[in-house]
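Read through the structure below, which is laid out as structure tokens, and then see the notes.
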Amino acid sequence: MNVFNGIFGERIFKAATLSALIFFILFLVGIVVSMICYISSDRFISILFSKEIIFAIKLSLITATIAVLISVAIGIPAAYALSQTEFWGKDIIDTILDLPIVISPIALGAALLIFFSTPIGSGIEEHGIKFVFVIPGIILAQFVVVSALCIRLMKSTFDAIGSRYEDVARTLGCNKFQALFKVTLPLAKNGLLAAGILTWARAIGEFGATVTLAGATAMKTETLPIAIFLSLASADVEKAIAVILILIIISITSLFAIRKIAGSGWSI
Amino acid sequence: MNVFNGIFGERIFKAATLSALIFFILFLVGIVVSMICYISSDRFISILFSKEIIFAIKLSLITATIAVLISVAIGIPAAYALSQTEFWGKDIIDTILDLPIVISPIALGAALLIFFSTPIGSGIEEHGIKFVFVIPGIILAQFVVVSALCIRLMKSTFDAIGSRYEDVARTLGCNKFQALFKVTLPLAKNGLLAAGILTWARAIGEFGATVTLAGATAMKTETLPIAIFLSLASADVEKAIAVILILIIISITSLFAIRKIAGSGWSI
Amino acid sequence: MIKIHDLDVDVGEFHLRDINIEIKKGEYFVILGPTGSGKTVLVECMAGIHNPCKGEIWFNDGNVTLLTPEERETGYVPQDYVLFPHLNALENIQFGLKIKNHSKKEIEKRVGEVTNRLNIKNILYRQNPKTLSGGEKQRVALARALIIKPRLLILDEPLSALDPRTHEELQRELKRIHKEIKTTTIHVTHDFEEAISLGDRIAVMNNGKIIQIGTPDEIFRKPKTESVAKFVGAENLFKGKVIYSDNGKGISRIRIHGMDTNIFSLTEKVGAVYVSIHPEDIVLSEAVCKCYNDKNILKGKIVNIMDKGSLVRIIVDVSIPLTVLLTRRAYLETELKKGSEIYVIFKAMNVHVF
Amino acid sequence: MIKIHDLDVDVGEFHLRDINIEIKKGEYFVILGPTGSGKTVLVECMAGIHNPCKGEIWFNDGNVTLLTPEERETGYVPQDYVLFPHLNALENIQFGLKIKNHSKKEIEKRVGEVTNRLNIKNILYRQNPKTLSGGEKQRVALARALIIKPRLLILDEPLSALDPRTHEELQRELKRIHKEIKTTTIHVTHDFEEAISLGDRIAVMNNGKIIQIGTPDEIFRKPKTESVAKFVGAENLFKGKVIYSDNGKGISRIRIHGMDTNIFSLTEKVGAVYVSIHPEDIVLSEAVCKCYNDKNILKGKIVNIMDKGSLVRIIVDVSIPLTVLLTRRAYLETELKKGSEIYVIFKAMNVHVF
Amino acid sequence: IENEETQKTIMVFCGSASKPAMEEAARIFEEKTDIKVELNFGGSGTMLSQLKMSKQGDIYSSGSPDYMIKAEKDGVVYPETVKKIVYLVPAICVQEDNPKNIQSLEDLTKPGVTVGICAPESCCVGGYAVEILEYNNMSEKVKPNIIVHAESCSKTATLIVMDKVDAIMGWRVFSEWTPNDTDVVYLKPEELPSIAYIPIAVSIYTKDRKSAQKFIDFLVSEEGQKIFARYGYIATEEEARKYAPNAQIGGEYELPDNWKT
Ligand SMILES: Nc1ncnc2c1ncn2[C@@H]1O[C@H](COP(=O)(O)OP(=O)(O)OP(=O)(O)O)[C@@H](O)[C@H]1O
Ligand SMILES: Nc1ncnc2c1ncn2[C@@H]1O[C@H](COP(=O)(O)OP(=O)(O)OP(=O)(O)O)[C@@H](O)[C@H]1O
Ligand SMILES: [Mg+2]
Ligand SMILES: [Mg+2]
């Protein structure tokens with residue numbers, strides 16, 4: 001007999017898988033703790049309540065939320081089409097969807113800047129909304145970075161639900177729109193929520209594309225990640241770390257809260 | 001009767017969802033095209049075949065692949081534990097897993113740098129592997145950025161498979177390890193592959209953490225995203241765009257190829 | 001009422017071919033076939049869920065082939081019920097009416113009617129339909145379909161996967177409901193008993209084709225082909241050859257393939273045929289009794305006795321194995337044992353030849 | 001062989017309570033119960049998939065309560081087969097042997113044996129087990145369990161969801177295999193016929209409890225409680241009260257609840273009781289025949305005739321509705337019609353009182 | 001819209017080498033005038049790229065002369081508006097209290113000393129570091145000790161703050177930014193081939209050249225110079241000359257081939 005059999009083997013197995021998880025988590029916690037050790041709490045408090053950082057917190061929360069809402073609004077129909085509709089060139093579109101994930105955000109920001117200096121882009125800027133170096137640019141940059149991820153995640157939710165419920169709903173008199181709103185979306189809400197959470201997390205930490213498209217102007221386009229960058233740019237490591245910790249605390253508590261609320265009330 | 005009913009309504013629906021998808025795709029394509037218009041093909045070719053860029057391509061492909069392999073190796077047991085094992089504090093661990101997604105990569109890189117200057121970190125550097133400013137640093141940076149995403153994606157694959165197949169395998173004489181290797185992993189291979197692909201895409205585009213932890217030393221730690229940044233930082237916009245296009249071409253063709261191969265031979 | 005004309009449907013690797021069906025208004029029409037024969041695909045095609053690649057479907061003189069499901073007004077009760085998991089039982093039932101913006105009063109009235117009829121008042125507020133038992137789920141799905149007053153009611157294996165008690169109850173209920181509301185109904189099943197006791201007419205499917213349509217009696221007493229006979233459970237089924245055909249009297253003698261057993265029948269067929277004798281048409285006797293020339297009397301030995309609850313199945317070897325059915329009561333009175341020698345007797349008119 | 005002692009199991013909201021079972025070596029033991037009664041949970045607990053929160057399980061004098069599934073050597077054929085979708089049929093069957101590193105020759109030998117026995121040689125190389133038909137899947141799952149020569153074979157509803165033809169074939173096969181290999185077998189079902197014709201003994205479950213264990217005859221003829229009787233399909237089941245008990249002769253008279261119908265039986269019970277008469281124990285007669293005092297003779301009117309294939313079910317209203325079963329043949333010879341007046345006759349010894 | 005007409009706004013693309021002083025100067029300028037100054041910080045080259053790609057912005061200020069020369073060549077600034085704000089003197093920066101006891105350029109060649117420079121192709125202070133090493137014929141000896149090229153000059157300064165290297169080739173002013181973490185080791189005057197300055201100019205994409213010019217005028221005024229002096233920058237040429245009497249001021253430096261990739 002082999003040691004991996006039986007209850008003993010089961011314990012080894014559990015220990016092995018759990019320890020991989022715990023090793024990983026400890027590594028993350030270790031990094032955070034080593035940052036906490038770096039700064040004094042006085043300095044932390046004074047940074048936290050500075051006008052600049054309060055502005056950055058608000059701006060981050062607002063822009064990330066708007067970017068996620070837009071991603072979800074465009075992402076739901078797009079993911080639905082990708083999941084439930086058959087059309088020519090689907091695998092090509094599937095691959096194009098990887099573009100924003102593959103291109104690093106700074107490059108993506110640069111591409112957006114260039115796009116807005118083309119005739120089409122400057123047309124949009126002049127007659128529609130201005131994006132370059134202003135707050136809508138932050139939202140656009142976050143949207144571009146996170147939307148593809150959001151679509152991918154929502155696609156797998158729709159894949160899991162399948163078309164059976166809709167088919168039956170239609171025999172009961174629903175048209176496609178009603179079937180989507182009355183059946184598929186309510187059924188998908190947990191998955192969509194999870195996708196939204198992950199997307200929001202990614203958006204709130206977005207830096208590269210934001211800084212390139214919207215610039216790093218204090219008190220104007222300064223989100224928390226840009227505040228981190230600006231602190232590092234003046235070699236103020238302590239402030240940078242304080243802002244990193246603020247970012248962590250704010251987003252982790254928001255995420256935990258969303259999960260808890262969602263977990264209790266929303267489950268199917 | 002309402003216009004959304006019947007075959008006409010179905011067409012409107014299809015058009016609406018597809019157009020969201022196509023709008024999004026066209027936007028991405030538009031961005032790429034506006035970049036292509038910016039550079040001449042001669043310059044592109046000469047940049048593509050420069051020693052520096054060939055080095056960067058190789059380094060990017062190798063480091064991203066290694067980072068993904070490590071993520072998968074640690075991620076599989078971690079995701080398995082998260083999906084199939086019940087333990088206290090699971091929701092806390094679940095939230096901690098969002099850390100690397102929330103913190104922007106530059107901040108993550110800074111955090112890693114700080115970590116390696118603590119006693120534990122410098123211990124690892126001196127008696128184990130050196131990470132700071134060398135190639136292993138690139139891999140570590142990419143690993144930290146992508147692994148949480150990888151674990152999340154693999155967790156949902158394991159969630160979907162459930163424990164039923166393993167239970168039956170165990171009545172046939174498998175211990176937990178055999179059940180994992182002979183049953184769950186083969187069943188999960190499509191999902192793991194998809195997770196691997198998305199993770200790889202994210203790793204190859206990783207810039208912020210890499211540049212902070214491993215530096216931007218040409219011909220030493222210069223991956224494609226760093227080459228893009230260095231070009232931008234030397235105000236050579238044309239070269240930057242050329243490298244962005246190279247990054248896009250290389251990763252999109254690799255991803256397309258992986259999907260095709262996987263789609264044909266691997267499907268369950 | 002419903003006319004299906006030369007329908008071909010492809011789903012994935014599976015094909016329905018040459019489907020022709022006519023169903024009369026108010027008829028209870030059963031589709032019978034083994035697992036995987038395409039019954040569900042066919043009814044889903046009527047409901048508008050699958051699109052045919054050839055052929056037409058007409059409802060009441062209207063061509064519905066190109067209509068979407070919501071325009072067809074069928075009430076579909078799927079095999080797996082497909083209750084909406086985000087709604088409670090009541091909301092599931094109201095679903096179709098709410099979609100059509102019926103007034104609150106109207107909805108309440110109809111819900112009252114249908115829940116009364118189906119006797120499900122007590123489970124209406126159960127939050128998660130997954131916790132309903134199989135029978136309850138089935139009733140809710142049925143109520144959900146009935147409430148929209150469909151032109152055609154489609155029931156896909158509504159009774160399978162229920163324990164026999166619930167099965168029987170619901171079967172009785174279906175009969176009663178159909179009598180009351182008289183909606184044209186299509187009922188899919190793979191159970192003969194269900195088909196016989198419910199169906200006005202039955203269509204037998206196999207491998208994506210309809211192989212026979214007829215009244216229950218036609219199907220079970222006169223299967224047109226071997227596969228129908230085999231499927232509908234013609235137990236004593238043998239290959240044979242007509243060796244003597246006396247057309248005048250209508251009596252012919254059939255030699256069972258590879259044996260020298262002869263069986264009399266009333267067929268006018270010649271050449272190679274199939275023969276089947278229903279087990280309940282065979283009488284067991286301890287002695288040869290007074291016999292007419294249209295009777296088959298064969299001597300044999302009991303090789304097996306199987307207790308099947310209220311019925312006992314006895315296999316008698318008369319060079320060919322014949323299955324005979326007795327009620328348990330009859331069996332207990334006879335003192336039959338394995339190995340007993342016995343005569344089997346059956347009328348020539350009960351020998352089915354095809 | 002197997003002893004289950006005071007077992008309590010919790011899975012989610014569901015609880016098994018006070019399970020006590022003893023199974024003899026080589027026995028064919030059936031667990032019978034309605035949907036959701038916990039049959040699957042119980043057998044999975046024996047296989048080691050669920051952990052009990054109280055009580056013990058012994059195999060052959062060894063306490064296995066704390067052993068993992070791989071240490072128990074049970075052959076488990078799950079309700080939904082759970083064939084490994086990444087392996088073909090053959091690889092599925094070899095799975096357990098390959099895990100234990102048996103020699104190639106040994107594996108080949110055993111595969112040969114088991115595939116011969118189950119007659120599945122022709123589908124071994126089918127790549128995707130999902131394309132197998134229900135019956136084929138079932139055989140592959142059975143082969144996969146048999147090949148490891150388990151100490152205990154567990155079959156969870158192996159025959160449900162099969163069409164009746166396949167159902168009958170496989171049932172016969174299970175009986176044959178058990179006769180040949182004599183492995184102790186537990187068979188879960190909700191079908192009485194299956195239970196009777198296969199089981200050496202039957203345990204009836206409901207709501208997570210075992211409510212009766214006994215031979216088929218005991219269960220079906222002498223259900224201990226109303227719920228067993230109802231579940232095992234005691235069709236003519238009535239509430240009544242013993243109004244006259246003649247202990248000397250053992251004959252008592254029971255008045256049916258709310259009626260003035262009296263029924264004679266051999267019970268010694270007094271007070272409120274349940275009465276059940278099996279439909280096949282009732283004789284129909286056009287006239288009152290010579291009768292002894294232990295016979296019940298009631299006059300009634302036929303209110304319904306239901307054709308159930310080879311059987312015909314006749315409901316006779318004798319102030320209470322009595323169900324009577326006839327073979328189709330008997331029925332055709334009697335010319336009974338709805339509305340006919342008729343006598344129903346049954347022996348006092350066939351009136352089951354509890 | 002009305003607000004936009006009354007409130008003038010200029011956008012400055014600014015290399016982060018001047019960040020602390022520039023922020024204060026902008027604040028004071030805003031108080032004095034009704035012109036709002038938006039400062040966008042980043043690497044000098046990155047800022048130039050952003051200016052070129054977006055075709056927006058009123059003022060460009062790089063961290064050292066070479067990017068301004070490049071900007072003039074690319075025609076994105078008005079050459080006649082180029083002004084020097086302050087001077088930058090290259091120096092070696094070391095960790096607090098100089099644990100490796102580095103006293104001269106020579107000491108950077110010692111085995112075991114780790115050195116960081118800024119990426120020479122893209123970053124101003126990197127180019128100056130290479131020029132100094134080449135000028136003193138030490139580049140081959142120091143090269144093995146250079147373990148990292150940082151991607152921007154602020155990152156280079158951060159290397160010392162986080163104790164990642166023993167010494168960096170940076171600006172003297174780095175030690176003024178983080179006086180508690182960084183010590184400075186001056187180079188000998190004859191070792192310095194050139195000194196740098198922070199230039200500023202009006203971009204051709206400006207939509208309000210007058211306001212832009214006003215801000216530049218403010219920076220080079222006495223008041224502006226005082227602010228920079230407060231942050232440790234060298235405001236006048238004479239003061240800069242103290243560190244390197246013979247050095248060339250600014251000028252383009254062509255990276256030698258052995259440093260190119
Ligand atoms: N959407 C689909 N795509 C591909 N194949 C399908 C699809 N739906 C059904 N099939 C296939 O069509 C065949 C017939 O399926 P169908 O569900 O109609 O059988 P059925 O007669 O209803 O059987 P059962 O009695 O098991 O319900 C099966 O082989 C099935 O695998
Ligand atoms: N893993 C589980 N977690 C929670 N509840 C469960 C689990 N497994 C089974 N149950 C619940 O336990 C109850 C009994 O289930 P079980 O599968 O044992 O019934 P069964 O008697 O096998 O029924 P069937 O005839 O339908 O197979 C059901 O209500 C079921 O929902
Ligand atoms: Mg079906
Ligand atoms: Mg079960």
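Within every chain, numbering begins at 1; the chains are lettered A, B, ... in the order of the sequence lines, protein sequences first and strands thereafter.
There is no contact between E:S152 and chain A, counting heavy-atom distances below 4.5 Å. Within the 4.5 angstrom heavy-atom criterion, atoms from both the backbone and the side chain of A:A110 approach chain E. For E:F174, no part lies under 4.5 angstrom from a heavy atom of chain A. No part of A:F115 comes within reach of chain E, as not one of its non-hydrogen atoms sits under 4.5 angstrom from that chain. Within the 4.5 angstrom heavy-atom criterion, only side-chain atoms of A:E125, from C-beta onward, approach chain E.
Put simply, of E:E38, E:K52, E:M11, the one with the most heavy-atom pairs under 4.5 Å next to chain A is E:E38. Of the listed residues (E:T158, E:D181, E:L39), the greatest number of heavy-atom pairs within a distance under 4.5 Å of chain A belongs to E:L39. Contact count against chain A (heavy-atom pairs under 4.5 Å) is highest for E:Q56 among E:Q56, E:E23, E:M162, E:K155.
Side-chain polar atoms of A:S40 and A:D42 form no donor-acceptor pair below 3.5 angstrom. A donor-acceptor pair shorter than 3.5 Å can be found between the side chains of E:S211 and E:D208.
Each of E:V94, E:I92, E:I102 was scored for a side chain to side chain contact (heavy atoms under 4.5 Å, CB included) with E:D183, with one residue passing: E:V94.
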Test side-chain contact (heavy atoms from CB on, under 4.5 Å) on A:L192 and A:V72 and set out the steps.
CA-CA 8 Å; A:L192 300 185; A:V72 169; 5.9 Å; no
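Here A:D94 pairs with A:R152 in a salt bridge; the nearest charged N to carboxylate O distance falls below 4.0 Å.
Looking only at distances, no side-chain donor or acceptor of E:E24 sits under 3.5 Å from a matching main-chain atom of E:F228.
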